[in-house]
Amino acid sequence: MLWLVMGIKCRLVKKVGTRATLRTYWGSGECPNAYGNGSKGIHNAHILLAENDISDDNKIGGAISDHPIEKWPTKCDNCPAVVPEDKKVHRQIFRRRIYSTESGELGPGDMYWIDYTYGGKHDCWMHTTCDGMHLHVRLPNNRTWDIDSQASNCTKKKDKVHRCWIRTGTPPNVTITKGKKGDDTCAAGAGSIKAGDYHGFLKNGRFEP
Ligand SMILES: [Zn+2]
Ligand SMILES: [Zn+2]
Ligand SMILES: [Zn+2]
């Protein structure tokens, strides 16, 4: 893949709206191609309902009861299975953020802020010294990395002050290091990020490798 050779350059994106779909899912472990990734899981289907330019709109699309049964998906998006009539089927109004990208979805290298205070309503639950804004980025394998969160192998899990990764630079031109003497960090991370099948570094806004 190209990113192995060049590294992926990050870009800063932002929330621009909300998208609502009618979502139907059923049959735990029955779909041979769950979420389109070739492994077993639930059958799942969406029909686009509405979009707007309000970020984090938790009302868009209304309530489940607003939408008659014939409007909902009738088959799985990821395999030929049809929605059964004799089994438990889950339906929900599914709301997702739209980002300032071509598709509205996030992809590798997309960097964005998440507000852990929900607009000042709470403190960040991870830290006592935090303005609540955590920088997130999609890794080359499209996993999400909350750069300002606690690493899964943090060696000071009860400490809510230190940062496992030390971040410098202005987004998207961010560099992550293990820190220098005097930085309040822990032994996790060591400046690299490992998630799923990706393990690499973020330097001046570019993933290496
Ligand atoms: Zn399926
Ligand atoms: Zn925080
Ligand atoms: Zn830590």
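Position 1 is the first residue of the sequence, and the numbers go up from there. Model, not experiment: these values are computed from the prediction. First listed ligand is number 1; within each ligand, the first listed atom is number 1.
- A ring-centre distance under 6.0 Å is found for Phe94 and His46.
- Arg97 forms no cation-pi arrangement with Tyr99, by the criterion of a distance under 6.0 Å to the ring centre and an angle within 45° of the ring axis.
- Vertex the Zn ion (ligand 1), arms ending at ND1 of His43 and SG of Cys76: the angle is 110° after rounding to 10 degrees.
- In His127, the N, O or S atom that comes nearest to the Zn ion (ligand 2) is ND1.
- No other N/O/S atom of His134 lies as close to the Zn ion (ligand 2) as NE2 does.
- Aromatic rings from His43 and His90 are positioned such that their centres are separated by 6.0 Å or more.
- The Zn ion (ligand 2) is the vertex of the angle joining SG of Cys124 and SG of Cys130, which measures 120° to the nearest 10°.
- The aromatic rings of His122 and Tyr118 lie perpendicular to each other, with more than 60° between the two planes, well past the 30° mark.
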